[in-house]
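None of these values were measured; they are calculated from a predicted model. Ligands are counted one by one from 1 in listed order, and the atoms in each one are counted from 1 as well. Just the heavy atoms: all of them, side chains too, but no hydrogens, waters or symmetry mates, feed the values below.
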Amino acid sequence: MSVFEVGPGGPLRGRLSVPGDKSISHRVLLLAALADGTCTIRGLSDGLDVRCTLSIIRQVGADVDEGSDGTLRIRGGRLHGPDDVLDVGNSGTGIRLLAGMLAGLPFRSVLDGDASIRRRPMDRVLAPLAQMGARVSGSDGSTLAPLAIDGGGLTGIEYESPVASAQVKGCVLFAGLSADGPTTVVEALRTRAHTEELFAATGIDVVEEPGRITVSPGRPVPFDHEVEGDPSQAAFWAVAASIVPGSEVVVQDVYRGPARGGFVDVLRRMGADLYHDPEGGDLTVRAAALHGTVVGAEEVPGLVDEIPVLAVAAACAEGETRFEGVAELRVKESDRIATVEGLLEAMGGSVRTEGDVLVVEGGRLRGASVRSHHDHRIAMAGAVAALVADGPTTVDGWDAVATSYPGFADDLAALRGGGD
Ligand code: S3P
């Protein structure tokens, strides 16, 4: 198991690019696989989660040509059943979106993943897919992965998910592309809009009304897409630059669409000095004194992945920060309520849960030995906290970071060296 050692140090300074957005990367790969023709994709996430989805679309017949500069040319449209199990690795987004796409295609496939994936709830996608008439089942009569899918013969439905989840929305809308009529997803709280945005951008008939998205069956037209920087990765640098005195960091070309920028609003409310340029997408952050805030349950879908690092910001702020309605964190790559608590407690922070509210008291952090629990975002949140701890920190299980941000440690070293 790999270990990353981080000590406190001087300011972070410089410009950097983060990996292409992970949510967008998965979706453009699925769309390219379905398009009848050649698509060109630049700036795809280089994390292992997205590599798994890339391997899977190859296994079902997409022809992928990878240029030395990372540009992908993908010829899709002639998909067939795979010879082997499809391995999503650690990716909840991968398995749920693929379950939707494959449920509509006329062949048998099996989706599986690592130990974390086998624990994560899949009933949230099996239920709507069953309503559409899909034959998708979990392992040994359960609703857990591996998922066996006998695709084809879907009926369009109207579906309101009991959980606010862009993965569920994406799953149902991808299945809807192969249904016999329109499919509508109703959402009480707006979740990230990548599926509907990318459907519209690739010529699919999708209608957005407040709280409702309706897709008609069809296929994308071949497209070119440049994936913008991942706001969830930019959030680590936004917090790091806010809490390390004297820092100034610019994260270039960060996606600015709906339900992804909640962390910017929350940090600003905490007193952070940051600006997300509406034109180019650059996110500029300077160090500032932070104070506590309340993050309401209705804000959570717009920053669900950023809570571990926002909790680090809260631990360095003056006063108390409350994250309300965070029950969904229990079913992420790790139980993030428990793993965030464990991380901050190990570093001398003060943190507690009150039902599904996570409460963090600001104070000082100390260097410690902490664990990733195989969760990339817990590992990176630990590294950010270590920047202001009094003494060195080791993050055990650092290899988890490769699922989404393989270059994180190099980027940190470059920012500590003053950037370029
Ligand atoms: C994602 C949606 C979110 C998020 C995940 C990516 C997506 O999950 O946590 O990292 O790409 O749709 P939920 O939709 O389950 O909240």
Starting from [atom], what is the nearest protein heavy atom, named by residue and atom, and what distance separates them?
atom: atom 14 (O) of ligand 1; answer: Ala166 N, 2.7 Å
atom: atom 12 (O) of ligand 1; answer: Arg27 NH2, 2.7 Å
atom: atom 15 (O) of ligand 1; answer: Ser165 OG, 3.1 Å
atom: atom 4 (C) of ligand 1; answer: Asp305 OD2, 3.2 Å
atom: atom 11 (O) of ligand 1; answer: Ser23 OG, 2.6 Å

Does [Y] offer a backbone N or O that forms a donor-acceptor pair with the side chain of [X] under 3.5 Å?
X: Ser55; Y: Arg51; result: yes
X: Asp150; Y: Arg135; result: no
X: Arg75; Y: Asp65; result: no

So do [Y] and [X] actually touch side chain to side chain, heavy atoms under 4.5 Å?
X: Val295; Y: Leu310; answer: no
X: Arg256; Y: Pro278; answer: yes
X: His374; Y: Asn90; answer: no

Under 3.5 Å between some N or O of ligand 1 and some N or O of [X]?
X: Arg377; result: no
X: Arg96; result: no
X: Glu328; result: no

Practice task
Heavy-atom contacts with Val304 under 4.0 Å: which atoms of ligand 1 show up? List them by number with element.
Solution key: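 Matching atoms, with element in brackets: 9 (O).
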Handout entry: Proximal atoms of ligand 1 relative to Thr93 (non-hydrogen, under 4.0 Å)
Key =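 Counting atoms of ligand 1 from 1, those under 4.0 Å from Thr93 are 1 (C), 5 (C), 6 (C), 7 (C), 11 (O).
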Problem - Pair listing, salt bridge (charged side-chain N to carboxylate O under 4.0 Å, His left out) test, anchored in residues 89-98, at least two apart - result: none
Exercise for the section: Would you check whether His26 reaches within less than 4.0 Å of ligand 1, judged by its heavy atoms? Expected result: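 No, His26 has no heavy atom closer than 4.0 Å to ligand 1.
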Problem - ligand 1 contacted by Lys332 (non-hydrogen, < 4.0 Å) - result: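 Lys332 counts as a contact of ligand 1 under the 4.0 Å cut-off.
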Problem - Presence of salt bridge, Glu196 and Arg212, under 4.0 angstrom - result: no
Practice task
For ligand 1, indicate whether the residue His194 contacts it via side chain, backbone, both or neither (heavy-atom separation under 4.0 Å).
Solution key: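 Neither; nothing of His194 gets under 4.0 Å from ligand 1.
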Practice task
Give the contacting part of Lys169 toward ligand 1: side chain, backbone, both or neither, where contact means a heavy-atom distance below 4.0 Å.
Solution key: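 Answer for Lys169: neither.
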Practice task
Check the surroundings of atom CZ in Arg78: do more than 12 heavy atoms from other residues, nucleotides or ligands lie under 6.0 Å from it?
Solution key: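 It does not: Arg78 CZ has 12 such atoms or fewer within range.
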Handout entry: Options Arg260, Lys22, Gln167, Arg336, ranked by nearest heavy atom to atom 2 (C) of ligand 1, top entry
Key = Gln167
Practice task
Over 60° means perpendicular and under 30° means parallel, so classify the ring planes of Trp237 and Phe408, tilted if in between.
Solution key: parallel
